[in-house]
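See below for the structure under consideration.
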Amino acid sequence: PPPPQQQQQQQQTLYPTMMATTNNHSPTPSLTMVRSLPQGVDELQNMGPLEVFQSQMEHGSTEAKVDAMKRLSTVAFALGPEVTVKDYVPYLQTCAMVNPPHEDEILLIMAAQLQYLVPHLLNTSTQCLTLLPILERLATMEETVVREEAVKATNHICPYINHPDHARALSSMTKRLVAADWFTAKVSAAGICPTLYQTTHDEELRFIYRDLCQDETPMVRRAAAQHLGTFLNLLTLDQCRELQPILEQLASDEQDSVRLLAVASLANMQDAAFPPEWTTQALLPLLKQGSTDLSWRVRNNLAKCFSGVAISLNLNDNPDQFASQKALVMACFVALLQDQEGEVRAGAVGHLAQMVHWGGADLFQSHLQPLLPALADDVVVDVRSKCALAIMDSSEGGTLADATIVKAFTPLLENFLQDEYPEVQLHVLRHLSRISHLLHQMAGVVSNILNMSKAANWRVRQGVAQLLPHLAEARGMEFFASVLLEPSWMALLLDPVASVRAACVGGVAQLVRVAGDDWIMAQLLPHHVKIYDHSTAAYLMRMTILRAHAQMAVASQSGQLFFTVVETLVTQGLTDKVANVRMVAAKGLLLVVQEEGCDKDVLSGKVRPALEECLTTEEDPDVSHFINECLNHSN
């Protein structure tokens, strides 16, 4: 063992890491802990963390045991790695091996807490190996969530057991799980095998996994099918060819719960980069088979990961050579988009944008574009909502030409903006800025946006407010002044909902950059000043205008507009009778003084003297704080 001085240094190094790792997961001291301890105060003073933990586990109720187990990692870091391995882990192993076992909740927390020990506390192969017996026991429990957490913990810890002599221990653990009489251990083994194979490269694990895929119990085959794609991702092409019959067998299993996981697991093979000559022969038939499966659950699971499966085929490595295969993949996707089950259509349309970019403009126009009107009018709200988002995502990336976007998407966007459900409208409003340069060709879309500025749903009005500066950039300031300024911008700036007003304020800087200082001075600022002057009884409106002034100052940085809005912040905002308004003015000035390019003469000659004067008379501590911040930054 290291000398005492070195142990102390290790503890000091580990402590910040421990706090960062366990602070969010360890409960504060509780009455449950106090009530569960039979010892008196004098006796507790002489007890260490391990003794307190043991006392709570052995003498407390189930609630007390749960409370103790939530502190597992905290106790371990308090003990240090040596004591943890020597005394603490054996005691935890005893707790895990007890028969009948502890309540499922206790075992679940134990599996979760063990993950926090590696690698921050136990970071050597020998230390990590001591946790395997506990996890092996938890992996055999009947409760599914306990087994899944044990598998997760094992997969987390195994990469740190990298000593060659310890690889046999990992393989032996897998063999014991596979040889168990009850199916629960085999299910856990299927989830562990990919990580163990990646760590140990034990070729015997391939044969073990093949046996799991052919197990007579459907639950075991289901677990093996779920992780098959991840396992194949680790193998060479020749090794995958050996397991190809197994993959085909699982994809044709009599249990649809096995088939749906087998087909979906193909999406986990994206990183393998197998040659398309093999994927089109081995994987493409399974994709076609899954898209036409009689069970809607299989089709639904495939639809939810379709783009990942398509990418796993690697057909884009040589698109011209495999054009017919790409068309077949797109035809399978079209079949899912037209499925009679709404859940299948909703799952498939969630991958519409990815498939547009995967297939390119030609396949979009030939296969997907004819389906869009039907999807936009689907009776299922989730389908329409995801279709609206997919259309906006498809517009990015340069896959589709602007002319195609305008022609194909304009009627759909008009329908989406008129949809009765706000979620559909919001998917368009929140992402329409991506194609703001095309809005001048979408008159119907712009007209719908203007009508929505008076929508009953405040989130819709917020989306419109965020979009107005983009409309100004797309249609020009003359259009903004004549069509948008009075009915939309000013109405939303005075909206009763603070988030809508904040959305307007957030677009002021972009509006200044688009319109220029002169236009803002002549057209917009007089309206803002009028609102401020007529809001003597409405301090929230004054706060909104001051925030907008601060954004104008940051965007203009100098000139007449900068001087005017800064003067308003100083002469009216800092002297307002309401402390909240004064604080907003101080915050706005803080934004201005923090901006590098702002006019220094105005700041030093106008702003700083006013701040110093206000500080002498200010009574509110929060306002004083922000004034001091402004003065410090102005130096």
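Index from 1, following the sequence.
- Taking 4.5 Å as the limit, some side-chain heavy atom of Val85 sits within range of a side-chain heavy atom of Leu122.
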- prompt: Given the rule in the side-chain contact (heavy atoms from CB on, under 4.5 Å) test, do Leu417 and Val424 qualify, once you have shown the distances and angles that lead to the verdict?
  reply: CA-CA 7 Å; Leu417 291 175; Val424 180; over 6 Å; no
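- The closest side-chain heavy-atom distance from Glu203 to Gln239 is below 4.5 Å.
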message: Could you go through Glu204 and Lys175, starting from their C-alpha distance and side-chain angles, then the distance that decides it, and tell me whether this counts as side-chain contact (heavy atoms from CB on, under 4.5 Å)?
response: CA-CA 10 Å; Glu204 192 174 359; Lys175 294 175 184 177; 2.9 Å; yes
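- In this structure, Leu196 CG and Ile161 CD1 are separated by 9.0 Å, a value rounded to the nearest 0.5 Å.
- Atom CD of Gln369 and atom CG of Leu412 lie 9.0 Å apart (nearest 0.5 Å).
- The main-chain N or O of Val220 is never found under 3.5 Å from a side-chain atom of Thr217 such that the two would form a donor-acceptor pair.
- Looking at Arg206 and Glu242, a side-chain N of the basic residue comes within less than 4.0 Å of a carboxylate O on the acidic one, giving a salt bridge.
- Under 4.0 Å is where a charged nitrogen must lie from a carboxylate oxygen, and between Asp253 and Arg222 no such pair does.
- Checked by atom type and distance alone, the side chain of Thr410 never pairs as donor or acceptor with a backbone atom of Lys407 at under 3.5 Å.
- To the nearest 0.5 Å, atoms CG (Asn301) and CD (Glu343) are separated by 11.5 Å.
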message: Please determine whether side-chain contact (heavy atoms from CB on, under 4.5 Å) holds for the pair Thr174 and Cys193, giving the CA-CA distance in whole Å, both sets of side-chain angles, and the decisive distance to 0.1 Å.
response: CA-CA 7 Å; Thr174 308; Cys193 273; 3.8 Å; yes
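- For the 3.5 Å distance criterion, the side chains of Asn314 and Thr279 fail to qualify, holding no donor opposite an acceptor.
- Checking side-chain atoms of Ser188 against main-chain N and O of Val151 turns up no donor-acceptor pair under 3.5 Å.
- In this structure, a donor-acceptor pair under 3.5 Å is present between the side chains of Asn448 and Gln418.
- Under the 30°/60° scheme for interplanar angles, the aromatic rings of His163 and His166 are found to be tilted.
- Taking 4.5 Å as the limit, some side-chain heavy atom of Ser436 sits within range of a side-chain heavy atom of Leu439.
- Ion pair Arg147/Glu142 not flagged as a salt bridge, since none of the NZ, NE, NH1 or NH2 atoms sits closer than 4.0 Å to an Asp/Glu carboxylate oxygen.
- Between Thr154 and Met173 there is a side-chain heavy-atom pair separated by less than 4.5 Å.
- Contact record, Thr184 with Met141: CB-O, 3.7 Å, taken as the closest heavy-atom pair.
- One finds a salt bridge joining Asp238 and Arg241 here, because a Lys/Arg side-chain nitrogen approaches an Asp/Glu carboxylate oxygen to under 4.0 Å.
- Considering only heavy atoms from C-beta on, Gln510 comes within 4.5 Å of Glu473 through its side chain.
- No side-chain donor-acceptor contact under 3.5 Å links Gln462 and Ser499.
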- prompt: Passes side-chain contact (heavy atoms from CB on, under 4.5 Å), Met69 versus Leu72? Steps please.
  reply: CA-CA 5 Å; Met69 198 58 69; Leu72 186 154; 3.4 Å; yes
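- Of all heavy-atom pairs spanning Thr280 and Pro285, the tightest one is O-CD, 3.4 Å.
- In this structure, Leu228 and Leu250 have side chains that are in contact, with non-hydrogen atoms separated by less than 4.5 Å.
- For the atom pair CG of Leu205 and CD1 of Ile192, the computed distance is 11.0 Å after rounding to the nearest 0.5 Å.
- Ile157 contributes atom CD1, which lies 6.0 Å from atom CG of Leu114 (distance to the nearest 0.5 angstrom).
- Between Lys288 and Ser291, the shortest heavy-atom distance links the atoms O-OG, 2.8 Å.
- The main-chain N or O of Val381 is never found under 3.5 Å from a side-chain atom of Ser385 such that the two would form a donor-acceptor pair.
- Remark: side-chain polar atoms of Asp202 are not paired, donor with acceptor, to backbone N or O of Tyr197 under 3.5 angstrom.
- Heavy-atom minimum distance, Cys213 versus Ile246: CB-CG2, 3.3 Å.
- Looking at heavy atoms from C-beta onward, Gln365 lies out of side-chain contact with Leu400 at the 4.5 angstrom threshold.
- Using modelled atom types, one finds a donor on one side chain and an acceptor on the other under 3.5 Å when comparing Gln244 with Trp278.
- Residue-environment remark: CD (Gln270) exceeds the threshold of 12 foreign heavy atoms within 6.0 Å.
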Distance-only check: which donor-acceptor pairs under 3.5 Å involve side-chain atoms of residues 322-337, not counting sequence neighbours?
from, atom 1, to, atom 2, distance (Å)
Lys326, NZ, Asn316, OD1, 2.6
Lys326, NZ, Trp358, O, 3.2

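- Judged by distance alone, the side chain of His431 and the main-chain N or O of His427 form a donor-acceptor pair under 3.5 Å.
- In terms of heavy-atom proximity, Gly397 sits nearest to His357 at CA-CE1, 4.5 Å.
- Atom CD of Glu216 is surrounded by 12 or fewer heavy atoms from other residues, nucleotides or ligands within 6.0 Å.
- Remark: side-chain polar atoms of Arg299 are paired, donor with acceptor, to backbone N or O of Asp293 under 3.5 angstrom.
- Taking 4.0 Å as the cut-off between side-chain N and carboxylate O, Glu423 and Arg459 count as a salt-bridged pair.
- Closest non-hydrogen pair, Met110 versus Leu92, comes out as CE-O, 4.0 Å.
- Between Arg345 and Asp339 there is no salt bridge, since no side-chain nitrogen of the basic residue lies less than 4.0 Å from a carboxylate oxygen of the acidic one.
- Side-chain contact annotation: Ser252 with Gln289, donor-acceptor N/O pair under 3.5 Å present.
- To the nearest 0.5 angstrom, Ile391 atom CD1 is 4.0 Å from Cys387 atom SG.
- The closest donor-acceptor contact from the side chain of Arg475 to the backbone of His440 lies at 3.5 Å or more, if one exists at all.
- When Asp419, Asn415, Asp378 are each tested for a side chain to side chain donor-acceptor pair (under 3.5 Å) with Arg384, only one passes: Asp419.
- Val464 is not listed as a side-chain neighbour of Leu467, based on a closest heavy-atom distance of 4.5 Å or more.
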